[in-house]
Structures are given as C-alpha cells and as structure tokens.
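Each remark here refers to the structure printed beneath this line.
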Amino acid sequence: AARENADIHIYKLQEDYLNIARLVNRLWQGEYREAPAVMKKDGVYYMMTSFCTGWAPNQGKYAYADSMEGEWSMLYKIGDKTTYNSQPAFILPVTGQTETQYLYVGDRWGGEAYHESSYIFLPLKNHQKGELSLEWYPEIEMDAAKGSITGKE
C-alpha cells in the first residue's frame, strides 16, 4: 500500500531482493486498499485486499490479472460484508500429491485489546478464471498429503 494506503503499488525487486528495481504497476488509485494478499493459480494472479477502516473489519475485495505488470480487473466482493471479521494476512497454497488448494488466512485485530488479536483460516475456492469465493465454516479439515481443504458445518 502506498501514498498512505490510497494506492497499491507493485514493484519489481533487484536480483538479490534487497532493493527495488522499478515500479511496475499502480492499482486502484485513490481507493484506499490495504493488506494485499496474492496467489497465482493456472497462470492467473489474484490479489485480495481490505478497505482502510482502522480496526473495524470491512468487505474484502479481490481482482485478477494475467501478469503482475499487466492490466488488473475491477475489484469484486468476496466473503461477507466484514470478510468474516477479518482482513487478508496471506494466502497459503496447500500443495499435495493430487491437487493444490488455497487457504485464506485473515487477521482478526483486537483493537483496544490488541493482545487478543487472532486469525481465521478458510478454504479459498477458485471456480474458473477470475472467480474466487470465500465461505464461512466453523471448522475445516485439511489433508496436506492430498492438498485438500474442506469446510465442515
């Protein structure tokens, strides 16, 4: 996030990863997005973000592109109106012998009780190019050997 979270910037790093080589993209200028989490599946990049609302959770959104340097889609809503009381921390690929699925890891900020902050873990579903969904499950079952994540009611 750049310009006090007004924009998202994507930079290419130098070979040694110790410095910036160049700015390659400015996304959603003036949209005030933060907490970017990126994944790549089948040659397509997906980025989830949160709106800047301080400690209050909000509607998460995502976009996709064929290249980090390329043209990104518009922002689409994901999850419920508070992203299940979280914001993106990162997306964890669970790669097994038969498949790879993705786990959404969301921060749940404690606000005034910062020491009580926690995380949520939910299966992130990719239905087709450009379509992600995130549903609430009170429990998940993960088989790392297979690469599967299943929501349990």
Side-chain angles (χ1 to χ4, degrees), residues 1-95 100-138 140 142 147 149-151:
R3 290 189 331 113
E4 297 183 9
N5 292 343
D7 313 332
I8 298 285
H9 286 184
I10 299 176
Y11 294 95
K12 180 171 179 63
L13 298 178
Q14 292 180 342
E15 288 283 325
D16 61 8
Y17 294 97
L18 296 177
N19 209 338
I20 293 169
R22 65 187 168 92
L23 174 66
V24 298
N25 221 329
R26 287 186 180 105
L27 303 177
W28 314 297
Q29 295 181 44
E31 290 284 329
Y32 290 90
R33 308 300 303 172
E34 65 179 356
V38 178
M39 66 179 251
K40 183 179 181 184
K41 182 168 190 298
D42 299 329
V44 179
Y45 291 90
Y46 296 86
M47 184 186 303
M48 292 182 65
T49 63
S50 177
F51 188 65
C52 297
T53 53
W55 296 106
N58 58 73
Q59 175 72 64
K61 293 188 177 182
Y62 77 93
Y64 64 93
D66 291 328
S67 162
M68 293 294 280
E69 297 181 29
E71 186 173 332
W72 283 77
S73 72
M74 62 184 280
L75 291 163
Y76 297 95
K77 294 178 181 178
I78 192 163
D80 71 355
K81 66 182 181 176
T82 65
T83 321
Y84 309 109
N85 294 312
S86 74
Q87 75 174 26
F90 61 95
I91 299 168
L92 178 68
V94 178
T95 303
T100 298
Q101 291 189 351
Y102 297 86
L103 187 65
Y104 168 81
V105 181
D107 290 318
R108 280 195 168 163
W109 295 108
E112 293 175 11
Y114 186 75
H115 62 282
E116 293 177 10
S117 297
S118 61
Y119 296 96
I120 65 167
F121 302 87
L122 294 171
L124 185 59
K125 299 292 183 190
N126 177 230
H127 304 280
Q128 60 187 12
K129 180 181 177 178
E131 187 179 340
L132 292 179
S133 67
L134 185 68
E135 295 180 29
W136 173 256
Y137 296 99
I140 61 169
M142 184 166 53
I149 307 165
T150 307

Hey, what do you get for [atom1] ([X]) to [atom2] ([Y]), rounding to the nearest 0.5 Å?
{"X": "Gln101", "Y": "Ile149", "atom1": "CD", "atom2": "CD1", "result": "5.5 Å"}
{"X": "Met48", "Y": "Leu134", "atom1": "CE", "atom2": "CG", "result": "5.5 Å"}
{"X": "Leu132", "Y": "Lys41", "atom1": "CG", "atom2": "NZ", "result": "9.5 Å"}
{"X": "Tyr62", "Y": "Lys77", "atom1": "OH", "atom2": "NZ", "result": "12.5 Å"}
{"X": "Ile10", "Y": "Arg22", "atom1": "CD1", "atom2": "CZ", "result": "11.5 Å"}
{"X": "Gln59", "Y": "Thr53", "atom1": "CD", "atom2": "OG1", "result": "11.5 Å"}

Exercise. Would you call Lys129 and Asp66 a salt bridge, taking side-chain N to carboxylate O under 4.0 Å as the test?
Worked result: yes
Got [X] and [Y] here, is their nearest side-chain heavy-atom distance under 4.5 Å?
{"X": "Lys125", "Y": "Glu131", "result": "no"}
{"X": "Met47", "Y": "Ile8", "result": "yes"}
{"X": "Phe121", "Y": "Ile140", "result": "yes"}
{"X": "Pro123", "Y": "Thr150", "result": "no"}
{"X": "Val94", "Y": "Tyr102", "result": "no"}
{"X": "Leu124", "Y": "Met39", "result": "yes"}

Exercise. Is there a donor-acceptor contact under 3.5 Å from the side chain of Thr83 to the main chain of Gly60?
Worked result: yes
Problem set entry | Asp16 side-chain N/O to Leu18 backbone N/O, donor-acceptor pair under 3.5 Å | yes
Problem set entry | Where Ile91 and Ala37 come nearest, the two heavy atoms and their spacing | CD1-O, 3.8 Å
Seminar exercise, completed: Heavy-atom nearest pair, Ile78 first then Lys61, reads CG2-N, 4.0 Å
Please list, one pair per line, the donor and acceptor atoms closer than 3.5 Å that link side chains of residues 105-114 to other protein atoms, with sequence neighbours excluded.
| unit_1 | atom_1 | unit_2 | atom_2 | d |
| --- | --- | --- | --- | --- |
| Arg108 | NE | Tyr84 | O | 3.2 |
| Arg108 | NE | Asn85 | O | 3.3 |
| Arg108 | NH2 | Tyr84 | O | 2.8 |

Scan side-chain atoms only and decide if [X] and [Y] contain a donor-acceptor pair under the 3.5 Å cut-off.
{"X": "Tyr104", "Y": "Ser86", "result": "yes"}
{"X": "Ser50", "Y": "Asn58", "result": "yes"}
{"X": "Asn25", "Y": "Tyr11", "result": "no"}

Exercise. Tell me, which pairs form a side-chain hydrogen bond (donor to acceptor under 3.5 Å, both in side chains) where one or both residues lie in residues 26-37, sequence neighbours left out?
Worked result: Asn5-Glu34, Arg33-Thr49
Exercise. Can Val38 and Tyr46 be said to form a side-chain contact (heavy atoms from CB on, under 4.5 Å), step by step?
Worked result: CA-CA 6 Å; Val38 178; Tyr46 296 86; over 6 Å; no
